[in-house]
Amino acid sequence: QTLPANVQQRIATHPCYSESAHHHYARLHVAVAPACNIQCNYCNRKFDCANESRPGVVSELLTPAEAAHKVLVIAGKIPQLTVVGIAGPGDPLANPKHTFETFARIAEQAPDIKLCLSTNGLMLPEHIDTIKALNIDHVTLTINMVDPEIGAKIYPWIRWQRKRITGVEASRILHERQMQSLDLLREADILCKVNSVMIPGINDTHLPEVNRVIQAKGAFLHNIMPLISAPEHGTYFGLNGQRGPTPKELKALQDQCSGNMKMMRHCRQCRADAVGLLGEDRSQEFTKDRFLQMTPEYDP
Ligand code: SF4
Ligand code: SF4
């Protein structure tokens with residue numbers, strides 16, 4: 001499937017959304033969001049949110065002021081920087097104050113940089129007006145199921161209205177909020193990509209159904225990512241020894257879904273503090289002790 005011309009134009013400089021842009025444009029993730037409001041069985045909280053980033057890499061937490069400073073420093077040094085995203089280490093919308101203050105500072109000081117947000121969607125409906133007001137043009141939702149029975153094998157609990165909810169009820173609430181998030185993003189004309197983590201034996205045969213539902217609800221790109229079951233990631237809480245898919249299994253599933261909508265196949269499962277072109281990680285040049293010493297040379 002190819003994308004409509006107006007969507008292609010909107011993503012032309014976004015390295016994650018446009019395959020041709022990823023050779024030319026750079027992105028930066030700032031890690032300002034430590035807390036999460038759900039538990040994914042595949043997540044190890046010591047590391048970054050596995051929804052949008054490679055598990056096993058701990059990023060340095062930044063305050064909104066430090067994050068904005070980092071953006072200005074890097075925008076001065078890497079002129080191809082077009083996108084700044086918040087993707088963790090927890091869920092950005094479980095930390096709304098930090099997340100939105102960071103976006104507001106960047107929007108004010110570097111107005112030409114596009115803002116991008118990744119979330120599990122549980123709290124998105126509450127914040128849709130702020131997302132619109134800040135001109136956040138791209139949102140990634142991680143949706144691993146559209147059937148709460150399957151969800152119960154992936155999510156042991158969610159935190160909802162100050163209570164911890166478990167079992168199928170937790171996944172039913174998460175599912176309803178994710179569907180509502182897709183509707184709200186479509187109505188607001190905000191481009192929505194969906195990430196799904198492929199977990200063999202749990203949701204692998206179910207993801208074509210997820211693909212069909214998200215396409216019908218207006219998501220424009222589907223990124224099916226493999227579960228990473230490297231030893232440093234720890235165990236899959238629900239099932240010790242859970243394996244990730246083989247490259248062949250992943251490709252077969254992507255091929256199966258590709259008749260329906262555009263699939264993302266160049267995702268690098270970046271660090272939550274990734275800097276640079278995809279596949280060219282310059283995060284070590286801009287560790288906190290380094291970038292805080294640098295003076296921004298960015299000129300909007
Ligand atoms: Fe971990 Fe991200 Fe899932 Fe939260 S949403 S539990 S941070 S993988
Ligand atoms: Fe883009 Fe994937 Fe990296 Fe996110 S994790 S910045 S979608 S390549």
Side-chain angles (χ1 to χ4, degrees), residues 16 29-62 85-96 98-99 102 116-127 139-146 148 150-160 163-167 170-182 192-199 202-203 207 210 214 223-230 232-239 242 244-245 267-274:
C16 303
H29 284 173
V30 284
V32 294
C36 194
N37 45 17
I38 69 173
Q39 177 69 65
C40 302
N41 266 330
Y42 52 75
C43 173
N44 182 335
R45 286 294 172 73
K46 279 191 271 172
F47 304 129
D48 291 331
C49 174
N51 285 336
E52 179 68 357
S53 56
R54 179 155 46 88
V57 186
V58 188
S59 45
E60 293 173 308
L61 217 53
L62 306 179
I86 302 184
D91 189 87
L93 298 183
N95 307 260
H98 269 190
T99 293
T102 303
C116 185
L117 168 74
S118 298
T119 174
N120 59 42
L122 183 66
M123 294 312 288
L124 187 135
E126 254 72 7
H127 297 293
V139 170
T140 295
L141 287 176
T142 297
I143 301 182
N144 294 321
M145 54 86 199
V146 290
I150 293 174
K153 298 180 190 162
I154 304 173
Y155 306 104
W157 55 260
I158 66 168
R159 180 157 292 281
W160 176 247
K163 286 203 249 0
R164 182 181 282 218
I165 316 272
T166 59
S171 289
R172 188 189 57 75
I173 296 168
L174 180 63
H175 166 62
E176 283 170 6
R177 300 285 285 183
Q178 290 179 333
M179 295 301 105
Q180 202 185 342
S181 298
L182 284 167
C192 176
K193 155 172 146 272
V194 170
N195 282 354
S196 301
V197 181
M198 179 184 183
I199 313 167
I202 306 283
N203 71 349
L207 285 178
V210 173
I214 63 162
N223 178 19
I224 300 182
M225 313 157 87
L227 173 77
I228 300 178
S229 56
E232 68 269 23
H233 181 212
T235 50
Y236 181 91
F237 299 147
L239 198 60
Q242 173 66 47
C267 177
R268 301 293 166 89
Q269 295 184 278
C270 311
R271 304 163 55 110
D273 57 358

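We count ligands from 1, going down the list as the structure has it; atoms in each ligand are counted the same way.
With ligand atoms numbered from 1 in the order given, ligand 1 contributes 7 (S) to contacts under 4.0 Å with heavy atoms of Pro89.
Side chain of Gln180 to backbone of Leu122: no donor-acceptor contact under 3.5 angstrom is found. With hydrogens and angles ignored, the 3.5 Å screen pairs a side-chain donor or acceptor of His98 with a backbone N or O of Val32. The main-chain N or O of Ile143 is found under 3.5 Å from a side-chain atom of Ser196 such that the two form a donor-acceptor pair.
Counting backbone and side-chain atoms alike, Cys36 contributes an N/O/S atom closer than 2.8 Å to atom 4 (Fe) of ligand 1.
Remark: Arg172 pairs with Glu169, Glu176 by the salt bridge (charged side-chain N to carboxylate O under 4.0 Å, His left out) rule, at least two apart or across chains.
With Ala35, Gly90, Cys43, Pro156 as candidates, the residue nearest to atom 1 (Fe) of ligand 1 on a non-hydrogen basis is Cys43.
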